[in-house]
Amino acid sequence: MGADAGPAPEDLPAPAPAGVSPDTVRDWRWQLTPGEDQVNTATWAGSVPHVNGIAPRVRVGRGKWFNLLWLLPIGLVLLLVAVAVAKGLRGDPVVQRFIARYPGTLYSARARAATGFPAWLRWQHFFNLFFMLFMIRSGTQILSDHPRLYWTRHSTPGRDWFRIQKPVPADPLWTAKQDSISLPGQVGLPGLRHSIGLARWWHLSMDLLWLVNGIVFYVLLFATSQWQRLVPASWSVFPDALSVLIQYLSLNWPVENTWVAYNGLQLIAYFVTVFVAAPLALITGLGMSPALSARFKRLSKVLSIQFARSVHFLVLVYFLVFIVVHVSLVFATGLLVNLNHVYAGRTDNSWDGFWLFAVSMAVIIVAWVAATPFTIRHPRLVQRAGQAIVGPLQHLFEHVDPKPGEYGEKDISPYFWHNGQYPDSDEYKALFDGHFAGWRLRIHGLVEHPADLSLAQLRALPHHEQITQHFCIQGWSGVAKWGGVSMQTIMDLVRPQPEARWVVFYSLGEGADKGVYYDAHPIGHMGHHLTMLAYDMNGEPLSFGHGAPLRLRNENELGFKQVKWIKGIEFVTHYSEIGSGYGGYNEDHEFFGYRQSI
Ligand SMILES: Nc1nc2c(c(=O)[nH]1)N[C@H]1C(S)=C(S)[C@@H](COP(=O)(O)O)O[C@H]1N2
Ligand SMILES: [Mo]
């Protein structure tokens with residue numbers, strides 16, 4: 001299955017002579033509508049109405065959901081209880097002896113070697129914060145596009161463990177797009193419902209900058225003696241941390257000198273943040289890539305995209321908690337000295353650090369407030385900048401795997417989400433009612449043998465089957481068995497000319513903003529053994545919702561590139577000739593990227 005060698009080209013049936021004039025291709029192009037270069041919030045994404053999410057809920061047991069807002073009063077009560085307990089403990093002689101033995105900070109010779117905060121560290125601390133704030137905003141926006149989390153790759157409604165959206169309605173044609181929610185513009189980036197294309201450029205670009213900053217940080221950390229501050233020197237870090245915790249909670253601060261060494265609690269928190277949480281954010285981020293999952297199939301079976309998404313989210317929660325506690329303690333335990341440390345590189349009570357901090361906050365606030373309006377006014381700039389920053393990397397990932405694995409029958413998802421804009425034209429309805437007897441797949445453009453193929457002719461071609469995983473850009477995934485014709489067979493039939501570099505798939509359906517849905521793929525992907533035209537899904541003819549009569553599968557790319565309800569294929573030199581020239585309908589209208597291997 002999948003790896004069938006395929007027939008020799010000369011064994012293939014002769015293609016039906018093209019029964020349409022070359023004007024067909026021009027007609028297709030005329031049916032495309034140009035995308036706008038600004039976001040009109042009123043008509044955005046097919047005028048999707050604003051839809052609020054709900055308070056975050058976690059599933060307990062089969063069908064009970066716990067509203068996480070309850071954690072606020074519960075947490076407050078627990079904190080008050082903890083303070084009372086800690087205060088009581090401080091009077092206990094055993095605890096007093098413990099605190100005397102473990103005051104909280106170990107001034108090892110190692111840590112002393114790295115006294116102070118060098119300028120590079122202070123700059124990196126600022127950049128880290130700056131990049132992370134935008135990662136958090138755009139990441140939350142991405143989550144809002146599929147506001148549910150699961151542990152397995154089957155995104156089965158009701159099996160989500162976390163959601164900020166109501167339960168999935170019973171409507172069998174409910175789409176993931178309908179399921180998405182809006183965010184306030186100053187929380188999300190850019191806040192609008194289904195603005196994932198733009199949010200992803202922010203997220204991926206900031207990720208990359210954050211990663212570069214982090215790599216420089218790691219290098220400098222270990223090239224200097226600074227790492228000795230961050231890596232605990234002794235197991236006493238645990239009793240020290242406990243001691244500090246009791247001292248903080250009893251509201252009677254420990255004596256400490258952060259200029260020279262961190263206390264036990266700080267050490268553990270910083271160590272985990274730098275050496276566990278940050279790498280985990282990167283790894284789980286990559287774990288959501290279709291190209292990488294197809295490549296590392298065995299690993300991605302266990303650490304599925306949904307598992308990666310869930311852990312990625314938990315890392316976000318960790319960072320949020322860290323930021324809140326960290327900032328609170330910076331304020332509560334000697335603001336001026338603390339700010340002098342990490343902003344001015346000095347350890348006294350002057351106001352220097354405070355003013356530098358104030359300036360840095362002003363920069364952050366201006367950038368924060370401007371980001372959404374800027375994105376709405378200049379979405380093409382965000383798209384082009386994002387493409388320039390992360391595009392080359394996405395290109396690399398497309399080539400990670402010449403031979404990705406497949407799944408077995410038992411891996412097929414019980415529920416496969418629908419997505420996109422359903423076709424509703426009279427033309428489509430007539431074809432559907434006629435069981436697609438009148439439908440033709442028209443293959444034109446830079447090919448030696450343009451062809452019109454009926455469904456019967458397609459079914460007569462060598463059958464190809466594969467069980468693969470679908471990754472929607474919004475976040476849901478599912479495994480299905482696809483049956484149809486390998487694109488290689490089609491290529492052998494029509495023989496692309498040497499100038500043909502891109503392959504454009506046109507749909508019978510329109511996109512959300514009117515105009516025909518289409519998408520372009522590099523010709524290099526067409527010969528991939530898992531690139532196919534599917535007319536069957538899970539052993540049945542493709543249903544209306546999933547793209548009847550024919551859809552594309554290119555397993556190295558995200559879902560929106562898998563054009564459904566295909567009517568034609570055009571081989572071209574470059575996609576810039578088509579539509580608005582960004583490589584597809586969502587690229588033109590919603591500022592997606594044309595390569596989405598990640
Ligand atoms: N013609 C057309 N094809 C389309 C879409 C669309 O809106 N129109 N949506 C895409 C998106 S975003 C996804 S995730 C997949 C969904 O396929 P499914 O409904 O079979 O799950 O189809 C893709 N193909
Ligand atoms: Mo999608």
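Whatever order the structure lists ligands and atoms in, that order sets their numbers, starting from 1.
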(message) The criterion is side-chain contact (heavy atoms from CB on, under 4.5 Å); which residues satisfy it with F374, sequence neighbours excluded?
(response) H378, L381, V382
(message) Centre-to-centre under 6.0 Å for Y517 and Y585, is that the case here?
(response) yes
(message) At less than 4.0 angstrom from any atom of ligand 1, which residues have a non-hydrogen atom? List them by chain and residue number.
(response) F416, W417, H418, N419, G420, Q421, H470, C472, W476, S507, Y517, G545, H546, R551, G559, F560, Q562, V563, K564, W565
(request) Only one of F560, Y407, W417, W476 passes ring-ring contact (aromatic ring centres under 6.0 Å, His included) with H470; say which it is. (result) W476
(message) Taking side-chain contact (heavy atoms from CB on, under 4.5 Å) as the definition, give me every residue that meets it alongside P392, ordered by chain and number, with sequence neighbours left out.
(response) none
(request) Decide whether a cation-pi geometry holds between R137 and W202; the criteria are a distance under 6.0 Å from NZ or CZ to the six-membered ring centre and an angle within 45° of the ring axis. (result) no
Can you give me every donor-acceptor pair (side chain of residues 183-191, partner residue at least two apart or in another chain, under 3.5 Å) with its distance?
residue : atom : partner : partner atom : Å
Q186    : OE1  : W368    : NE1          : 3.4
Q186    : NE2  : V369    : O            : 3.1

